[in-house]
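Okay, so here's the structure we're looking at.
Since the structure is predicted, the reported quantities are computational estimates derived from the model, not experimental observations. Labels below follow one simple rule: chain letters A, B, ... track the order of the sequence lines, proteins then strands, and each chain is numbered from 1.
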Amino acid sequence: MAGPHTPVSVVIAGKDLRRSLKSRSLVLTAVVGPLALGLIMALAFGGSAGPSATIAVVDRDGTATSRAIVDALREELRGGPVRVRADVPDPEEAVDAERVDAAVVIPPGWTESLSASPEPLRAVRNPDRAIPGEIATSIAGQVTSQADLVRAATSTAAALGADPSGVTQVRPVVTVSVRDLSQAFNAPLYFGPLSIFLFLAMGTGARGLVREQKEGTLDRIRSTPTSARTIVAGSSLGVMAQGLVASLLVYAVSTLLFGAEWGRPVDVVVILVSFVAAISGFAAIIVALARTEPQAEGWNNALAFLFGILGGAFFGGASLPGLLGAVGSLTPNSIAMRALVETGPGGQALVEVWPLVLALWAMGAAGVVLGGAMLRRRLL
Amino acid sequence: MTEQGPRARVVRCEGLRKRYGDRVAVDGVGFAIAEGETYGLLGPNGAGKTTTISMLCGLLHPDEGTIEVGGSPMTTGRCEAKAHLGLVPQDIALYPDLTAKENLSFFGKLQGLDRGELRTRVAEVLELVGLADRAGDRIEGFSGGMKRRCNIAAALLHRPSLLVLDEPTVGVDPQSRAAILDGIDDLRREGMAVLYTTHYMEEAERLCDRIGIIDEGRLVAEGTQPELVAAVGQHPIVRLAAEGDLTTFAGLAADAPQVVRAAASDGRVEVSVLDPTRALAPLIESAEAEGLRISGVEVVQPDLESVFLHLTGKALRD
């Protein structure tokens with residue numbers, strides 16, 4: 001409820017949010033839709049017929065122990081959803097060229113480091129290959145942990161006067177399944193559909209001023225001491241509020257009911273807000289450019305699906321190959337997806353992905369300012 | 001309609017002009033409305049009423065002319081003048097999916113009412129328009145008359161000094177119409193200035209202290225109803241429905257005493273007379289002498305409709 005000194009733009013935004021929640025269109029379009037689609041994709045990805053990932057294991061140590069590790073990994077993961085390749089000389093190049101989905105690197109001197117403090121294995125990730133990246137990180141982590149356990153056991157045996165050579169050599173026992181991974185980090189499965197449905201719902205919200213003009217309520221608002229700038233700002237704020245409510249509901253429900261883990265809550269919220277801002281910008285431009293409301297709706301829906309497909313919404317965050325992938329990486333969907341993947345569980349801090357967040361806000365600010373000014377001239 | 005000496009002018013507009021391309025929609029319109037006065041703006045469709053009201057309410061920028069409401073200049077942006085204004089648009093300008101109370105609260109907040117005042121005023125205006133028991137119902141479930149009443153209520157929340165009503169009774173049942181007209185009368189008595197447009201001449205005659213008639217963008221006449229009737233030289237009309245040589249009879253009747261003019265059309269002769277009680281009998285005798293077979297006689301006193309017809313050449317509903 002607005003207080004005695006609530007800014008008029010907030011009053012207008014609150015009215016728009018109330019209307020969209022009352023009509024249930026927002027919840028149905030931007031919450032139920034993405035959750036249903038995300039859940040279906042999560043279940044599908046978790047099945048035996050789900051997608052596979054190719055992980056390169058690169059032995060830069062070149063010792064008998066490191067070779068044993070590579071062999072053990074191949075044997076351990078045989079028959080599962082993850083295929084291990086040991087014939088990749090340059091992991092960074094192979095990941096960038098998408099010949100493999102991710103890589104695990106055993107660094108030089110790794111065997112020597114086992115007696116003191118085992119050097120961690122390194123994962124090479126492609127931001128557009130979220131799940132394989134998580135698998136590589138998981139493998140690297142599990143092997144390093146087991147190496148550390150062996151080191152601790154060896155030290156303990158030596159301290160107790162026992163023969164350390166009797167301690168079991170490092171033989172990684174790693175378990176990887178896409179089902180496990182999807183439960184640990186399946187935000188892309190929910191964010192992908194959310195990014196499309198949110199675009200659809202926010203486009204409806206952005207057309208609110210045009211509808212109000214047609215229905216006569218805009219004239220009534222304009223006959224009050226309210227500036228055109230405030231009316232447009234309130235409308236834009238209302239669109240953002242609707243997007244944010246829908247995003248947070250999808251985030252909360254997928255986390256609490258479906259066990260999805262998106263990452264640190266503050267990071268996720270900041271990225272979702274930034275994405276909502278970017279979508280608001282595109283929606284505002286579309287409404288300002290379209291000559292009629294149906295035309296605006298058509299353009300908005302087309303762009304929602306175009307951005308969704310190019311941005312990898314239907315592929316669990318994976319990007320398309322070649323030029324399409326390059327174009328897709330510029331879409332707000334792809335940028336937000338990358339930010340979510342980078343800051344996902346065990347990922348980077350939010351400050352590390354600030355260029356992505358900034359890009360989303362830049363899109364939003366440019367669109368809202370430009371579209372708002374055009375709309376103000378047309379309607380007010 | 002009682003005279004109480006000079007009253008403060010709430011609205012004053014002068015020399016309003018608005019052009020759309022080559023078409024002049026409003027051409028030099030000007031009028032003033034005092035507090036406690038109801039001013040009727042009448043004109044056929046396309047005459048310039050809506051454009052004038054849009055400029056008066058700050059929805060449209062005039063090409064020329066000035067507008068003051070409550071002593072402040074009216075602009076299309078945020079201005080003090082709009083705080084004195086309550087607009088009742090012709091169409092229902094409410095959110096159908098919100099309740100009456102939610103609608104009124106929203107528009108009250110836009111007028112700057114604080115929470116306490118808002119609660120009080122929403123309850124008061126709902127009571128005023130007879131919708132207190134429907135406050136929590138959505139507008140989409142209201143009848144046409146209830147929507148109209150709520151449409152008016154939304155303009156009264158901030159106690160405006162000028163209420164602009166654009167055809168507020170269109171499509172309203174007689175009971176609701178009577179309630180709306182009574183309510184407007186009450187507001188006028190409380191000192192509110194009212195600008196009223198309507199297609200219903202009887203409403204204008206009942207409500208309006210003064211009337212401005214607008215046609216083709218120009219204010220062609222202005223005054224009280226008696227002033228308008230006198231100004232356009234309207235006289236009582238004797239209508240004779242008859243068969244025979246009506247044109248010849250009209251020529252003869254035009255030269256008769258008490259007759260101002262006479263014309264024949266559509267099986268009848270219309271004769272403007274100075275005093276129908278003195279003119280009627282000689283006219284009938286003359287008609288019978290000319291061999292006309294009279295089937296009906298009607299005496300019509302001049303009213304706003306005939307003034308309007310005389311000035312614009314159109315009926316108000318045209």
Checklist entry - Is it the backbone or the side chain of Ile92(B) that comes under 4.5 Å from a heavy atom of chain A, or both, or neither? => result backbone

Next on the checklist: I'd like to know whether CZ of Arg24(A) has more than 12 heavy-atom contacts from other residues, nucleotides or ligands below 6.0 angstrom.
Outcome noted: no

Item to check | Side-chain H-bond candidate by donor/acceptor type, Asp137(B) with Thr99(B), under 3.5 Å | outcome: no

Next on the checklist: Is Glu80(B) close to chain A through its backbone or its side chain, or both, or neither, when contacts mean heavy atoms under 4.5 Å?
Outcome noted: neither

Checklist entry - What part of Ala81(B) is in contact with chain A, defined as an atom under 4.5 angstrom from a non-hydrogen atom: side chain, backbone, both or neither? => result neither

Checklist entry - So with a 6.0 Å cut-off around CZ of Arg78(B), is the heavy-atom count from everything else above 12? => result no

Checklist entry - Non-hydrogen atoms of chain A under 4.5 Å away: do they reach the side chain of Asn151(B), the backbone, both or neither? => result both

Checklist entry - Does some side-chain heavy atom of Phe31(B) sit less than 4.5 Å from a side-chain heavy atom of Arg210(B)? => result no

